[in-house]
Amino acid sequence: MKFIIKKERLIKSIQDALKAVAVRTTIPILVGIKFDADENGVTVTGSDSDITIQSFIPKEDDDEELVEIVEPGSIVLQARFFSEVIKKLPESIVEISVEDQFRTIIRSGNAEYIILGLDAEEYPRLPVIEDGDRFSIPNDLLKLIIKQTVFAVSTSETRPILTGVHWIIEDQHLTAVATDSHRLALKKAKLQSETGDGKTYSLVIPGKSLNELLKVLDDSNEPVEIIITNNQILFKAKNFLFFSRLLEGKYPDTSKLIPTDSKTTVKLNAKEYLEAVDRASLLAREAKNNVIKFSTMADGAIEISSYSPEIGKVVENVKSLSTEGEEIKISFNAKYMIDALRAIDGTEVSIYFTGTMRPFIIRTEHDSSILQLLLPVRTF
């Protein structure tokens, strides 16, 4: 194998593939990145057996020559070491050639590295899921769906199914839900179906996979094709493929958690409220429980407070835009509230309370497609 390639484009593909490469693995070859050169260009693949990322570098892109293929072939190279080598090469053009016994020579300017590669035939085969059911969604909308839900997945393996985001696809509408049993994030969006069979799909995508996908998606509105099979999902965009296994098991019915009425509604300036919660959380973190208290006041303001027996107390009043219904005193996890407010990303937020120890929801009037739910903490 031998090819000559633009360094910057190679670095980007390596960095994308690296996001899937295992740090520790029982399959030694998966600490490497696989390179396949053919008449179309160079394919760079990284995998940890749960996630696989494949980045393609075409021979030409927008009339710019990126790769010259001298001799097709394949090789697996130690991922992180090879990545560091490429980044430090002196020139913008890199020549990579493979000789007998997988001896790989890397040249750029006056620099030359000789490293030992591994047999590409030993690298695991990619999942074959091209025959699955297909949908498509704009790149930027997919990123938004992930950002507004994935932070709420569980980090505990005691209930593995909660470490993923539940996707329900029905009538070309997607509902994405994540919960760790203390909070819930929900986002709705419209998909374009390429199968048109009208089926309902229920799948759980690992949070880890979605976090890595988020890193390789760009900010364009180009369509991303989504292909689903029984235990795998493929995200297919321009010049890259992202495979992930799906979690097995039944996701709990979270629809029953979401209140349908409220006894108290408070509308707030999102930025002012977020900043007040953030300030109170400084003390809440020191108190080790990360809990702050929220109380409605007679003058329409709300009081945000936190107390630490070792350090002291913080109290701040925030003026509400409107307050309707009964007075409420409630406590909640400061970090969960901050995460929810950042996910909503609106100028105003409305919080709907049904009682001191009942779940409450946070929404914005400008975007009905997103909902955040928090469970209170008993302190009063």
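Placement of Phe240 and Val67 in two distinct hydrophobic clusters is found when ILVMFWY residues are connected by side-chain heavy-atom separations under 4.5 Å, directly or transitively. Transitive grouping of hydrophobic side chains (ILVMFWY, heavy atoms separated by less than 4.5 Å) keeps Ile330 and Leu371 in distinct clusters. Hydrophobic clustering of Ile, Leu, Val, Met, Phe, Trp and Tyr side chains at less than 4.5 Å, counting indirect connections, keeps Leu210 apart from Leu247.
Taking a cutoff of 4.0 Å between a charged side-chain nitrogen and a carboxylate oxygen, Asp339 and Arg183 qualify as a salt bridge. Electrostatic pairing of Lys6 and Glu64 counts as a salt bridge here, judged by a charged N lying under 4.0 Å from a carboxylate O. Between Asp61 and Arg9 there is a salt bridge, since at least one side-chain N of the basic residue sits less than 4.0 Å from a carboxylate O of the acidic one. For the pair Glu222 and Lys238, the salt-bridge criterion is not met [side-chain N within less than 4.0 Å of a carboxylate O]. Salt-bridge check for Arg279 with Glu316: passed, with a basic side-chain N closer than 4.0 Å to an acidic carboxylate O. A salt bridge does not link Asp278 to Lys271: none of the charged nitrogens lies less than 4.0 Å from a carboxylate oxygen. Look at Glu324 and Lys267 and you find no salt bridge, because none of the NZ, NE, NH1 or NH2 atoms lies under 4.0 Å from a carboxylate O.
At least one donor-acceptor pair closer than 3.5 Å links the side chain of His173 to the backbone N or O of Asp171. In terms of modelled atom types and a separation under 3.5 Å, the side chain of Thr163 and the main chain of Pro160 share a donor-acceptor contact. Side chain of Ser209 to backbone of Ile205: no donor-acceptor contact under 3.5 angstrom is found. No side-chain donor-acceptor contact under 3.5 Å links Ser350 to the backbone of Thr364. In this structure a side-chain-to-backbone donor-acceptor pair under 3.5 Å is present from Gln78 to Arg80.
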Could you walk me through whether Asn139 and Asp219 pass side chain to side chain donor-acceptor pair (under 3.5 Å), step by step? CA-CA 7 Å; Asn139 205 319; Asp219 294 320; over 6 Å; no

Give the intermediate values and the outcome of side chain to side chain donor-acceptor pair (under 3.5 Å) for residues Lys329 and Thr356. CA-CA 6 Å; Lys329 290 185 177 181; Thr356 301; over 6 Å; no

His166 and Ser202: side chain to side chain donor-acceptor pair (under 3.5 Å), yes or no, with the steps? CA-CA 7 Å; His166 187 201; Ser202 176; 2.7 Å; yes

Going through the checks in order, is the side-chain contact (heavy atoms from CB on, under 4.5 Å) test met by Lys59 and Asn40? CA-CA 6 Å; Lys59 290 176 70 175; Asn40 299 311; 5.7 Å; no

Gln54 and Thr45: side chain to side chain donor-acceptor pair (under 3.5 Å), yes or no, with the steps? CA-CA 4 Å; Gln54 193 173 78; Thr45 306; 3.3 Å; yes

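Side-chain polar atoms of Ser306 and Lys293 form no donor-acceptor pair below 3.5 angstrom. Judged by distance alone, the side chains of Thr158 and Ser156 do bring a donor and an acceptor atom under 3.5 Å apart.
Counting heavy atoms from C-beta outward, Leu341 and Val349 have side chains that approach closer than 4.5 Å. Side-chain contact between Val177 and Trp167 is absent, with no heavy atoms from C-beta onward closer than 4.5 Å. Residues Phe35 and Phe82 form a side-chain contact, since some pair of their non-hydrogen atoms from C-beta on lies under 4.5 Å apart. Side-chain atoms of Val153 and Leu162, non-hydrogen and from C-beta on, never get closer than 4.5 Å to each other.
The minimum heavy-atom distance linking Ile69 with Gly41 is given by the pair CD1-O, 3.9 Å. Closest approach of Val150 to Val165, counting heavy atoms only: CA-CG2, 4.0 Å.
Using cut-offs of 30° and 60° for the angle between ring planes, the Tyr273 and Phe294 rings count as perpendicular. Aromatic ring pairs are classed by plane angle as parallel below 30°, tilted from 30° to 60° and perpendicular above 60°; the pair Tyr201 and Phe135 is perpendicular.
Applying the side-chain hydrogen bond (donor to acceptor under 3.5 Å, both in side chains) test to residues at least two apart or on different chains, the pairs with a partner in residues 101-113 are Glu95-Arg107, Glu99-Arg103, Arg107-Glu112.
Separation of the Phe243 and Phe235 ring centroids does not fall under the 6.0 Å cut-off.
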